[in-house]
Amino acid sequence: YAKGHTVMIGFTGPLSGPAAQYGRDNVNGLEMGIQDINAAGGITVGGKNYKFALKTYDDHIDPTAAVNNARRLRSRDGARFIFNPVFNTIAPMMQINQQKGSEFLMMAYTSAPEVDAMKNPNTIAIPPPFSVYVGSYVKYALEKGWKKCAMVVTLGAYGDGWRKEFESAWIKAGGEIVADQPANYYTETDFSAQLSAALAKKPDFMLIGGPSATTGLVIEQARNLGFKGEFFMVDQAKLNYIAEVNFNNDLTKMNGVTGTARPRDLAEEEVIEPFLKRCLKDYGRSATSENLLNYGAIRILAAAMEKAGTVEDITAIKAAIPEVLPMDAKINLLPFIDLWGSRFILPGTIQKIENGQYTVPTTTFWWTKSDADFKKAVSSIPDIGNTNVNVPLEGYAK
Amino acid sequence: MLKLEQVYTDIGELHIIHNVSLNIQKGEFVTLLGSNGAGKTTLFRTIAGVLKPAFGTVEFNGIAIDKLPVHKIVDLGIVLCPQGRQLFPELSVKKNLVMGAFSLRGQKSKIKKNLDRVYEHFPILKERSNQLAGTFSGGEQQMLAIGRALMSEPSMLLLDEPSMGLAPLIVKQIADVISNINHEMDTTIFLSEQNANMALNITERGYVLESGKCVLEGLCKDLKNDENVKRAYIGA
Amino acid sequence: MLKVESVTKKFSGLVAVKDLSFEIAKGQIVAIIGPNGAGKSTAFNLITGTLKPTWGKVTINGHDITGMQPYRIVTRGVARTFQTTSLFDQLRVIDNLMIAYKWRTKLGFWNTLLHLPSWKRYQERAFARSIEVLEFLGLTAKANNFIPTLSQEEQKRLAIGVAIVSKPQLLLLDEPTGGLIQDETDRITELIRKIRDEQGITVCIIEHKMQMIMGLADRIVVLNYGEKIAEGSPEEIKVNPDVIEAYLGGELNA
Amino acid sequence: MFTKPIHTKLLLGFLFIAALFLPLYVPDSYMFQIVITSLLFAIATSSMNLILGYTGQASLAHGAFFGVGAYVVAIMTKAGWSFWIALPVSGLVATGIGFFIGLFAFRTRGHFFAIVTLCFGVILFQVAENWIEVTGGQNGIFGLDSATPIPFPFFGPIEFSSQPAQYYLVLAVLLLTLFVLHRVVYSIFGLTFMAIRNNEELADALGINTFATKMVSFAIANFIAAIAGGIYATILGAVSPSAISIMITFNFLIFLILGGMATLPGAVIGAFMIPIIMEFLQFMENYRMLFFGALLVVVIIWFPMGFFGGLKTINQKIIAWRQSNTSEDSNA
Amino acid sequence: MELFLQQLFNGIMFGSTYAIVALGLTLVMGILHIPNFAHGHLYMLGGYITYFFITNLGFGYWYSLLLSMVILGFVGVVMERIVFRPLTGQPPINAFIAAIGALIFLESLALVIWGPQGMRIPNPHPQIIKMFGITMEAQRLLVVGGAAVLIVLLHLFLKKTTTGTTIEAVAQNREGAMLTGINVNRVSSMTFFISSATAAVAASFLSPIFILSPAMGAVLGMKAFIIVILGGMGSVPGAILGGYFLGLIEALGGGYISAEYKDVFAFGALILVLSIKPTGLFGKQEG
Ligand SMILES: Nc1ncnc2c1ncn2[C@@H]1O[C@H](COP(=O)(O)OP(=O)(O)OP(=O)(O)O)[C@@H](O)[C@H]1O
Ligand SMILES: Nc1ncnc2c1ncn2[C@@H]1O[C@H](COP(=O)(O)OP(=O)(O)OP(=O)(O)O)[C@@H](O)[C@H]1O
Ligand SMILES: [Mg+2]
Ligand SMILES: [Mg+2]
C-alpha cells in the first residue's frame with residue numbers, strides 16, 4: 001500500500017514465553033479482522049481509500065519492552081491503535097498514550113476492572129469485566145443449594161482479581177470458602193498438592209482456572225483424586241479448547257464443568273460457522289474468544305473511522321464508536337452493544353457441560369439496572385437462542 | 001627414543017620454552033635441573049601432550065607426537081607423573097591405581113600383575129588400599145602418584161619434581177624406588193628436579209634449564225663439577 | 001611473645017595437632033620441622049586463626065587470641081605466608097603491598113568517596129611504606145608489574161614483603177623456599193635474617209631444607225604425628241635420635 | 001597513582017558533551033525511550049559490576065534490589081511522598097534488606113553464594129507477587145506520577161514528564177554512579193574488593209575483614225541498584241512483579257559480561273549494546289529469540305572478556321605490535 | 001492423616017522428578033564444573049521428542065521413551081561440544097551466560113517447531129489406584145518407581161564399572177585423568193549423554209500426566225540447579241537427597257501452610273541449609 005493510504009494497527013504482547021499462545025490468539029483475531037476489512041475494499045475517509053495493516057512485536061510481558069514497542073509502533077510504524085492483551089503491560093502503556101504528539105488509542109484486551117478505574121480517555125478495553133461471570137456463577141450455585149467452595153485459581157493479577165471478586169460475592173451470598181489454594185498455572189503442571197489440600201475440606205464445588213490446557217489438567221487431577229462435585233472456570237479457560245487438548249473431545253470427561261460459552265454458541269450459526277472453519281484452516285486451532293473479540297474490535301474501529309471521517313484523530317474515532325454500535329452480526333459476529341466509559345459493552349455468556357454435551361448457554365446483561373433496561377437490551381441483540389439473565393454489576397458506572 | 005627438536009611452548013601470551021632440543025635413549029635415566037619457574041613442568045607437559053608446542057617437533061620412537069592428544073600419547077607408553085600429583089582425592093588408593101592402568105583396559109591379568117608390583121615397591125599402598133587418596137600425607141601421595149604412573153607399564157616415565165616439599169627421609173626413600181624402577185624394569189626415566197643433590201646422585205645424564213632455555217647438558221659427574229651448577233644448585 | 005599452650009586440632013577422626021605447646025621469644029628465629037603431614041601447617045593455621053583449635057590456648061604478648069578471626073589476629077601483629085606462594089595475581093606489585101597495609105589506615109567508603117584529607121594522608125602513608133618495603137626487597141623496579149611477570153623467587157620475596165608491610169611483630173613463614181634452587185634459597189635466607197635484624201620482626205619458619213634451617217634458626221621445634229617430639233638448638237636437634245629416626249633418616253645432606 | 005592518559009580524558013570529555021546535546025539529535029520518541037532505559041540499565045549494571053566484577057561475588061539477587069527500589073518508590077509516591085524523598089529511602093531499604101541477606105549469603109562462596117542470593121531473589125519476587133495489600137500483587141502498582149517537579153526560581157519548576165527531562169535525570173544519576181564507582185575502584189579501599197575477588201584467604205590473612213568488606217560492596221551495589229529501580233518506576237509509571245524477577249538479574253548479567261566485566265565502561269557499553277541489538281532484531285519476529293540465544297553463545301565464546309575487554313586486548317596487541325615494529329626499525 | 005499421606009506421596013513424586021533431573025545435572029556440574037542452567041530446557045525438549053514419536057509417528061510409549069533418551073542424549077553431546085567445550089578454562093560465569101543463551105535458543109526452537117500451546121501425551125497408564133487412602137494414577141506410581149530404579153542403576157554404573165569410575169576420576173581431577181590415558185573429552189561427551197538421557201526419561205515419565213509447553217523447563221531447571229548446589233556440587237547422594245527434600249517441603253509446606261508461599265518455604269529451607277553447611281549437604285569442606 002502506498003504511504004498515506006494505510007491504517008497501521010499495532011500489537012504488542014506475549015509472543016514467546018509461557019503466555020505466547022494467548023498472545024497469538026489475539027493476533028490471529030486481529031489478522032482475520034484486517035483481512036476482511038481489506039477484502040471488503042478497505043475504508044473510505046475524506047475521499048481516500050485506506051487499507052489496514054498490522055504490525056506485531058513481542059514484549060514477553062515485560063513492561064519495558066511493551067513501552068519500547070509502543071513507542072516504536074507509534075513513531076516508526078505510525079500506528080495510532082495499539083492492542084495489548086496483558087494488564088501488566090497495559091498499565092505502563094497507559095502512562096504514555098496521552099503524551100502530546102504521540103497519542104495512541106490503547107486497545108486493552110483485559111477483563112481487569114483496574115483499567116476502568118484509571119479513566120484514561122485514550123483507552124478502550126475490549127472484553128467484559130470478569131466480574132460479569134462472578135454474578136452468574138453465584139446465582140447458579142445458590143440455586144443448587146451449595147455451600148462450600150474451594151478455589152484453585154491461577155496466580156497472577158488476573159487470577160488474584162477473580163479470587164477476590166468471587167470470594168466476596170460468595171460470602172456475601174451466604175456461602176463459605178473452605179480452601180483457597182492458588183497455583184501458578186503458567187509454570188506448574190502438577191496440582192495434586194493444592195488439590196489434595198482443597199479436597200480434604202470436602203467442597204461442594206470448585207472455582208478453578210487459568211490458561212486452558214493447564215485448567216484441563218486440574219480438572220483431570222481433581223477427578224483422579226476423587227472429586228465428584230462441579231467446577232466453575234474463570235473466563236480465561238475455554239471449554240471447547242480443554243475438550244480438544246486435554247480430553248480428545250470426549251465431553252463425558254468434562255461433565256459438571258461450567259465456563260464461558262464456546263464461540264459456537266456466542267453468535268448466530270450462519271455467521272459463526274464459517275469463522276470457526278476459517279480459524280481451524282488458517283491457524284490449525286479452534287477459535288477462542290480472543291479471536292472473536294479482537295476481530296470484532298478491529299471491525300468496530302474501522303467503522304468508527306469512516307463515521308468520524310478521520311483515521312488519525314483518535315478522540316473523534318472513539319467518540320464515533322457508540323454511533324456505529326450495535327453492528328450487523330454478519331460484520332461483527334458478536335453483539336457489541338455500546339461503549340461504557342472505556343470499555344465495550346458486551347454480554348457475558350456462560351455454559352455448562354452435562355451428560356457429555358454442551359447445554360444451552362446463559363447470557364448476563366450486566367450493564368442493565370432495571371427490568372426495562374434489561375428488556376431493551378435483550379431485544380437489541382440478535383437472538384442466539386440463549387437463556388438470558390439479569391445480574392447487574394454493582395458499581396459499574398459509566 | 002624421545003627426541004625434541006627446537007621446541008617452543010607458549011602459555012597464553014607468555015613464551016615459556018625457547019628452542020629446546022634433547023634426545024633420550026631407551027633405558028636411560030636422565031635428569032632435568034632448573035630452578036622454580038625455569039619451565040621444567042611446562043616442558044614435561046609439552047612432551048606429555050597437555051600443552052602443544054608453538055613450534056618444533058617431539059618424536060617418540062620415530063613417531064611425531066606433538067599433535068597427538070594426551071590419551072594417545074599415554075597409549076604409546078609415555079606417562080607423566082605430574083607435579084602436584086593430580087590424584088583423585090575421593091577415590092580409594094586402589095581405584096586410583098586401577099585408573100592408572102586405564103590404557104590397559106580389558107587386560108585383567110596384566111592389571112593385576114602391575115598392581116602387585118606397585119604394592120611391592122610401595123608396601124604402604126597395599127596396607128591402605130581402601131583409604132581415600134585425599135587423606136594421605138604429602139609423602140604418601142607422592143608414592144601413590146608414582147605407583148599410579150607405573151600401572152600402565154610405561155616405557156618412558158616423566159617424573160616432575162617428586163621430591164618437592166618432602167621430608168629428607170621420604171626424599172631418600174623415593175629416590176631409592178625410582179632408581180630401582182629404572183634398573184629392574186628397564187623403564188626410561190626423565191626426572192625434573194630442583195634438588196640437584198639428589199638428582200645428580202641417582203641419574204646418569206642431565207640437562208639444565210634456565211628461563212625456558214636449555215643452557216647446559218652433560219653427564220652427571222661432569223655437571224657436578226661445573227662451577228656454575230655447583231654455585232647455583234648444590235651450594236657450598 | 002607467642003605462647004602456644006596444649007593446642008589440639010582434630011579433623012573428623014584425625015588428630016592433626018596434639019597437645020602442642022611451645023613459645024617464641026622476641027627477636028628469635030624459630031623453625032618448625034617434621035615429616036609431611038606432621039601438622040606444621042596446621043599449627044600455623046591454628047595460630048593465625050584460619051583454623052580454630054579443638055582445645056588449647058594461643059596468646060601473643062599475654063593477650064589471648066585463640067579462635068579469633070584471622071584478620072583480627074593480623075592486627076595483633078602476627079603476619080604469615082602460605083605454603084604455596086599466595087599473592088593477588090590479578091593486581092600489580094604495589095597494589096599487593098598497599099592492600100596489606102590497609103588495616104593500619106582508616107580508609108573507608110566515605111573518606112574515599114569525598115577524598116577527605118584523611119584519605120589523602122592514609123593513601124600517601126600506605127604508598128610510602130610500600131615503596132620502603134619494595135626497596136628492602138630489592139623490587140623497586142617492578143612496582144608496576146603484574147604478578148605473573150615476576151620470577152618465582154621474586155614472587156616468594158614479594159609474598160614475604162606483603163606479610164611485613166604492616167610491620168608485624170611476628171612473622172610466620174610456611175616453606176618460603178619450597179622449590180627454589182640453592183642460590184635462590186640462600187638469598188631468601190639472607191632476606192629472612194635481614195627481616196629479623198633490620199625490621200626487628202620475630203620469625204617462625206617451616207622448612208624441609210635442613211642445611212638452611214640449621215644455619216638460620218635459633219631454636220627448632222620438631223613435630224611428628226601432630227606431637228612435639230623434640231625442641232632445642234640446631235646442635236641438639238641434629239643429634240637427637242628420635243628426630244633422626246622420624247625425620248632426618250640419618251642423613252643431613254638432603 | 002591512578003591518573004588517566006590524556007587521550008582518555010579527551011574522549012571522556014567528548015562523550016560527556018555529546019551526551020548533553022543528545023536530545024537534539026534523537027530522531028523519535030522510540031529511540032529516545034531506548035536511550036533512556038539503556039542509561040537506566042547502565043546504572044544498575046554498573047552497580048552489579050561492583051559486587052560481581054570487582055568484588056567477585058555473583059549476586060543473583062541484584063535484579064531483586066532493583067525491584068525493591070522500584071516498589072519502594074511506587075508505594076511511597078502513591079502514598080503521597082515526594083519522589084525525592086522516596087528515592088533515597090528506596091536505596092536505604094534495599095541496603096537494609098541486602099544487609100539481612102548478606103548475613104546468610106556471605107557465609108557461602110562461589111556458586112553457593114550465587115544460589116543463596118538467587119533463592120533470596122526468588123523469595124522477594126514471591127513476596128511482591130503475593131503480598132497484595134502492599135504490592136498490589138500481580139497487577140502491581142500503576143498510574144504513578146512522574147518525578148515530583150523541582151521548584152526552581154525564575155525559570156519555574158523543572159518537570160519530569162517529558163522524555164528530555166527524564167533523560168537528563170537518568171544521565172545525571174548515571175554520571176554520579178560512575179563518579180562514585182570510579183572513586184571507589186581507583187583507591188586502596190576499592191583494591192580490597194579486588195583482593196577478595198582474587199584470593200579471599202590471603203585477603204583475610206592480610207588483615208582485611210572480608211565479611212565486612214563484602215558487605216560494604218554489597219551495600220553500595222544494592223543502594224545504586226535500588227536507585228535505578230526507583231527511577232524506573234517513575235519513568236514507566238507502573239511497577240509489577242516483572243520488575244523484580246530473576247530475568248532482570250539475568251539481563252544485567254548479560255549486559256555486564258558481554259560489555260566487559262570489571263571495567264567501568266564495559267557495564268555501560270553492555271547496557272546500551274544489547275537492548276539496541278535486541279530492538280534491531282525485531283524484524284526476525286518468531287526467530288528473534290532463537291537467533292539471540294545463538295548469538296549469546298557465539299559472542300561469549302569469541303569475546304570471553306566481553307566487548308570492552310576485547311577492545312582492550314586488541315589495543316594492547318596494537319601497542320605490542322607497534323613496539324616490536326619500532327624496535328625492528330631501530331635494529332635496522 | 002489421609003491428607004498427610006496424600007501429600008507425602010505427592011512430595012515423593014515431585015521429589016522423584018527433582019532427584020532424577022538434578023542427578024543428571026550434578027554429573028555435568030561435577031565433571032565439567034559448568035553451571036548448565038539449560039538443563040531444564042533439555043528436559044523440555046525430551047518431552048517434545050517423546051510427544052513427537054507417540055503422536056506424530058504413532059510409536060508405543062516405551063519405544064518412544066527409549067528413542068527420546070537416545071536422541072536427547074545426542075543433543076546433549078552436541079551442546080557440550082559446541083557450547084561448553086570452547087569455554088573450558090573460562091570463568092564459570094561465562095559458561096553460565098552461554099547456558100542462558102542455550103536455554104533461550106532451545107525454548108525458541110520448541111516454540112518455532114511446536115508452537116506455544118500446551119500439548120498432551122496420552123496417558124499410557126491412566127488406571128486409578130487406591131492405597132492407604134491415597135488416590136493416584138498408575139503413571140504416578142511409575143514415576144516414583146521408575147525414578148528409584150534409575151537412581152539405583154546410575155549409582156551402580158558410577159560405582160561398579162570402570163567407565164563409571166572414569167567419570168568420577170575426571171570430576172575429581174581433570175588433568176590427572178588425562179594423564180592416566182583417559183580421553184577426557186569422550187568422558188565429557190558421555191556424561192552429557194547420560195545427563196540428557198536421564199532428563200529425557202524424567203520428561204517422558206511426567207509428560208503423560210502434565211502438559212508440554214516450551215517454557216516448562218525453566219522452573220524445573222532452576223530448581224534442579226538449586227538442588228545440585230544444596231546437595232554439594234557433583235555429589236550424587238546430595239542430588240538425590242536434595243531432590244526428595246525439596247519435593248517434600250513443597251508438598252507439605254504448600255499443602256499445610258500456604259500455597260502462595262510454597263516456593264518461599266522451599267527456597268528458605270535451602271538458604272538455611274546452606275548457611276549452616278556452606279558447601280552443601282555433601283559438599284567438601286573448604287581449605
Ligand atoms: N598457567 C600459567 N599461566 C601463566 N604463566 C604460567 C602458567 N603456568 C606456568 N607459567 C609460567 O611459566 C613459567 C615456567 O613454569 P613451570 O611451571 O614450567 O616451571 P618449573 O620449572 O616447573 O618450576 P617449578 O619449580 O615451580 O616446578 C613460570 O614463570 C610460570 O610463572
Ligand atoms: N582441613 C583439613 N581437613 C582434614 N584434614 C586436614 C585438613 N588440613 C590438614 N589435614 C590433615 O592434617 C594433617 C597435618 O597436615 P599439615 O598440612 O599440617 O601437615 P604439614 O606438617 O604441614 O605437612 P607438609 O610438610 O607436607 O606441608 C595431615 O594428615 C592432613 O591431611
Ligand atoms: Mg614444575
Ligand atoms: Mg605444610
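If you're wondering where the values come from, they're calculated on a predicted model, not measured in any experiment. Below, chains carry the letters A, B, ... as their sequence lines are ordered, and counting in each starts from 1.
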Check: D:Ala44 main-chain N/O paired with D:His62 side-chain donor or acceptor under 3.5 Å: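 Here the side-chain-to-backbone pair exists.
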Look at the side chain of D:Thr55 and the backbone N and O of D:Gln57, then say whether any donor-acceptor pair between them is shorter than 3.5 Å.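 No: the side chain of D:Thr55 does not pair with the backbone of D:Gln57.
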How far apart are the closest heavy atoms of E:Leu72 and E:Ile49, and which atoms are they?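 Scanning both residues, the minimum pair turns out to be CD1-CD1, 4.0 Å.
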Identify all side-chain donor-acceptor contacts of residues 115-124 of chain D below 3.5 Å with residues at least two apart in sequence or on another chain.
{"from": "D:Thr117", "atom 1": "OG1", "to": "D:Leu60", "atom 2": "N", "distance (Å)": "3.0"}
{"from": "D:Thr117", "atom 1": "OG1", "to": "D:Phe113", "atom 2": "O", "distance (Å)": "2.9"}
{"from": "D:Thr117", "atom 1": "OG1", "to": "D:Ala114", "atom 2": "O", "distance (Å)": "2.8"}

Output the option from E:Leu109, E:Ile276, E:Ile100 having the highest count of non-hydrogen pairs under 4.5 Å with chain D.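 Top option by heavy-atom pairs under 4.5 Å: E:Ile100.
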Between E:Ile82, E:Ile93, E:Leu111, which shows the greatest number of heavy-atom pairs under 4.5 Å with chain D?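 Heavy-atom pairs under 4.5 Å are most numerous for E:Ile93.
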Tell me, do D:Ile196 and D:Thr192 make a side-chain contact under 4.5 Å, heavy atoms counted?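 No. Closest side-chain heavy atoms not under 4.5 Å.
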Would you indicate whether the side-chain heavy atoms of E:Glu80 and E:Val28 approach each other to under 4.5 Å?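 Heavy-atom side-chain distance check fails, nothing below 4.5 Å.
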With only heavy atoms counted, which part of [X] is less than 4.5 Å from chain D, the side chain, the backbone, both or neither?
X: E:Ile229; value: both
X: E:Val112; value: side chain
X: E:Leu230; value: neither
X: E:Phe84; value: neither

Under 4.5 Å from any heavy atom of chain E - which part of [X]:
X: D:Ile301; answer: both
X: D:Leu103; answer: neither
X: D:Trp131; answer: both

Option that, when pairs with chain E are counted at under 4.5 Å, heavy atom only, ranks first among D:Ala294, D:Ala58, D:Pro304, D:Gly306: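 Highest number of heavy-atom pairs under 4.5 Å: D:Pro304.
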Does the separation of the ring centres of D:Phe65 and D:Phe218 fall below 6.0 angstrom?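 Ring centroids of D:Phe65 and D:Phe218 are less than 6.0 Å from each other.
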Does atom [atom1] ([X]) have a neighbourhood of more than 12 heavy atoms from anything else shown, all under 6.0 Å?
X: D:Phe272; atom1: CZ; answer: yes
X: D:Phe211; atom1: CZ; answer: yes
X: D:Met305; atom1: CE; answer: no

Applying a heavy-atom distance below 4.5 Å, give me the residues of residues 212-228 of chain E that approach chain D, sorted by number.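 Checking residues 212-228 of chain E against chain D gives E:Met222, E:Phe225, E:Ile226.
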Quickly, which of D:Phe252, D:Phe125, D:Tyr71 forms a ring pair (Phe, Tyr, Trp, His ring centres under 6.0 Å) with D:Phe66? Name it, please.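 One option only clears the test, and that one is D:Phe252.
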